[in-house]
4 protein chains.
Amino acid sequence: MSTSPDIRIDVSAATPVYRQIVDQIRTRAVEGALRPGDALPSVRRLAIDLGIHFNTVAEAYRALAEEGWIDVAHGKAARVRNRSTPPAPEAAEVEDFRQRLRHLIAEMRAQGLSPGRISRELLTLAEGLKR
Amino acid sequence: MSTSPDIRIDVSAATPVYRQIVDQIRTRAVEGALRPGDALPSVRRLAIDLGIHFNTVAEAYRALAEEGWIDVAHGKAARVRNRSTPPAPEAAEVEDFRQRLRHLIAEMRAQGLSPGRISRELLTLAEGLKR
Amino acid sequence: MSTSPDIRIDVSAATPVYRQIVDQIRTRAVEGALRPGDALPSVRRLAIDLGIHFNTVAEAYRALAEEGWIDVAHGKAARVRNRSTPPAPEAAEVEDFRQRLRHLIAEMRAQGLSPGRISRELLTLAEGLKR
Amino acid sequence: MSTSPDIRIDVSAATPVYRQIVDQIRTRAVEGALRPGDALPSVRRLAIDLGIHFNTVAEAYRALAEEGWIDVAHGKAARVRNRSTPPAPEAAEVEDFRQRLRHLIAEMRAQGLSPGRISRELLTLAEGLKR
DNA sequence: GTGGTCTAGACCACG
DNA sequence: GTGGTCTAGACCACA
């Protein structure tokens, strides 16, 4: 039996569909909604559920496998991998993430969100990380 | 003479060059390094400075104009616009940003950054917004 | 009682399970650990020992029989065949192997192994063949 | 202008076409036939030359980019990357390669190549690495 | 049943 | 011009 990851796809969004799948499954794995050993639905099953082609799901699973989040093998269901200690992040990578965060925040302000509102969102997320 | 925005381009990065320009100029405008009325370098000037094709810069300026950050006109330097009160963001947009933030954080954790470290980054950014 | 070939299976590896079995039994036969006439464990016995489905073991035995390494028959244990002089390899096949060797070495260098280190590995193997 | 890597494809071979492309380009890069900065033919150009679909070539380029051998970007030709020092190989990886070498040699003997002949092949390759 | 590979071709994004 | 994404569907390999 496989855990249903409850994925929401927006085909008209700018980010590719396969990336949306990757992002959502990775987020669920990080946040604990998907645990090591959990089986994912088959590529064809999930494709039907989402109303997309199975190749698109297969590409997402392949990317997740390469990132080390899941194990895929012929004839068997894909499963969430028990990640060993991840490699230490390099300073350049940290700076890259910091910049992406700043750009995202700039986009939010460009869309009319007030600094106070954004600040509150960040504090909520930071709080959630301490759990 | 025009304000030099000091833009850093990485042609081998995953994000398109024109997006890098847009992101960095928008970020500077949001953070106050670029103020309403400031003139940007000409498309050809900036293209030469960055060592890229001027079409790429032109596309970036076009995108910034569409987002309402700058005014462009034939024969005159592009200038940072005096943004009127931005439209109120819709709930769906806020939720979209929240999700993008969560995905970014998941990527950071996937790269080995500890929750505590990420939390500190978020708090620093939130602090900066209160200025 | 049958010879225990001491096979190690990694179900999460990239190479299919049945190929791992084939590769390891063939290697043992070539290197002399398995000799003509030696009996292999039954399909079901080996499957239980390895913790895999017996169909997978059956497929491996079938492939080994096709390659001429073992004899299988209903109701009797599979046995290592007394290989007659093998057919002379064609030039095309030799070239194919040479290419596979070069590709493997390229992969090793891609993984960071120094040419000197790889060279030593090759010399060790060549030495072992002269026994 | 792009270097022609002179790739030979066998569509009836067991190894997937895209892997054959990856293996051959990687080998050429390791052996120096392809040097950092060299441009590869476009995916559509190479696909036509090889008589296959461009998606297959694109998949090969993507894999090579992920392995760090080439840089691919929108609108520009793929180029051989100037590889920085590769990460140190772990002991487990070395053992994995050693085993793959042994299996390959066993296959060669299974095909009728004499130990002496194989030994000579290995010595030739080891010699080539000392250049 | 599972995932993998390949072709065919549409449409989009980037430079 | 370049590469990227997606669909459609055939056929193969593995468990």
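Numbered from 1 within each chain, the chains take letters A, B, ... in sequence-line order. Because only heavy atoms are used, hydrogens play no part in the values below, and waters and symmetry mates are left out as well, while side chains stay in. On a predicted model such as this, the values are computed, not experimentally measured, just so you know.
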What's D:Ile52 touching, base or sugar-phosphate or nothing? Going by heavy atoms closer than 4.0 Å.
sugar-phosphate
For B:Gln99 and A:Gln24, the nearest pair of non-hydrogen atoms, with its separation, is NE2-NE2, 4.4 Å
B:Ile21 atom CD1 is separated from E:dA13 atom C1', nearest whole Å, by 16 Å
Rounded to the nearest 0.5 angstrom, the CZ-OG1 distance for C:Arg19 and C:Thr56 is 14.5 Å
Quiz item: Between the base of E:dG4 and the side chain of A:Arg44, is there a donor-acceptor distance below 3.5 Å?
Solution: yes
The residue, D:Lys76 or D:Pro16, whose nearest nucleotide of DNA chain E is more 5′ is D:Pro16
Check whether any side-chain heavy atom of C:Val72 sits under 4.5 Å from a side-chain heavy atom of C:Arg62, and report yes or no. no
In whole angstroms, the gap separating P of F:dC12 from CZ of C:Arg19 amounts to 19 Å
D:Arg45 atom CZ is separated from F:dG3 atom P, nearest whole Å, by 12 Å
By nearest-heavy-atom nucleotide on DNA chain E, the more 5' of A:Ala77 and D:Gln20 is A:Ala77
Closer than 4.0 Å, any side-chain N/O of A:Thr56 to the OP1 or OP2 of F:dT5? no
Phosphate-side-chain proximity, D:Tyr18 and E:dC6, N/O vs OP1/OP2 below 4.0 Å:
no
Exercise. Answer with yes or no whether A:Asn55 presents, from its side chain, a donor or acceptor under 3.5 Å of a partner atom in the base of E:dG4.
Key: no
| request: Determine the contact category for A:Val11: base if any of its heavy atoms lies under 4.0 Å from a base atom, sugar-phosphate if only primed atoms, P, OP1 or OP2 are that close, otherwise nothing. | output: nothing
* When you check the gap from the basic side-chain N to the acidic O, do D:Glu93 and D:Arg100 get nearer than 4.0 Å? -> no
Item to complete: For D:Phe54, report the nucleic acid contact type (base, sugar-phosphate, nothing); a contact means any heavy atom under 4.0 Å.
Response: base
Separation of F:dT2 atom C1' from D:Arg62 atom CZ, nearest Å, is 14 Å
Between CG of D:Asp71 and P of F:dG3 the distance, given in whole Å, is 13 Å
E:dC14 -> Watson-Crick or G-U wobble partner, both distances under 3.5 Å, gives F:dG1
Between CG of A:Leu46 and P of F:dC6 the distance, given in whole Å, is 14 Å
To the nearest angstrom, the CG-P distance between B:Asp10 and E:dG15 comes to 12 Å
Subject >> side chain to side chain contact (heavy atoms under 4.5 Å, CB included) assessment of B:Leu46 paired with B:Leu40 >> reply: CA-CA 9 Å; B:Leu46 185 54; B:Leu40 294 175; over 6 Å; no
In whole angstroms, the gap separating C1' of F:dG3 from CD of D:Glu59 amounts to 14 Å
For B:His53, which contact category applies under a 4.0 Å heavy-atom criterion: base, sugar-phosphate, or nothing?
nothing
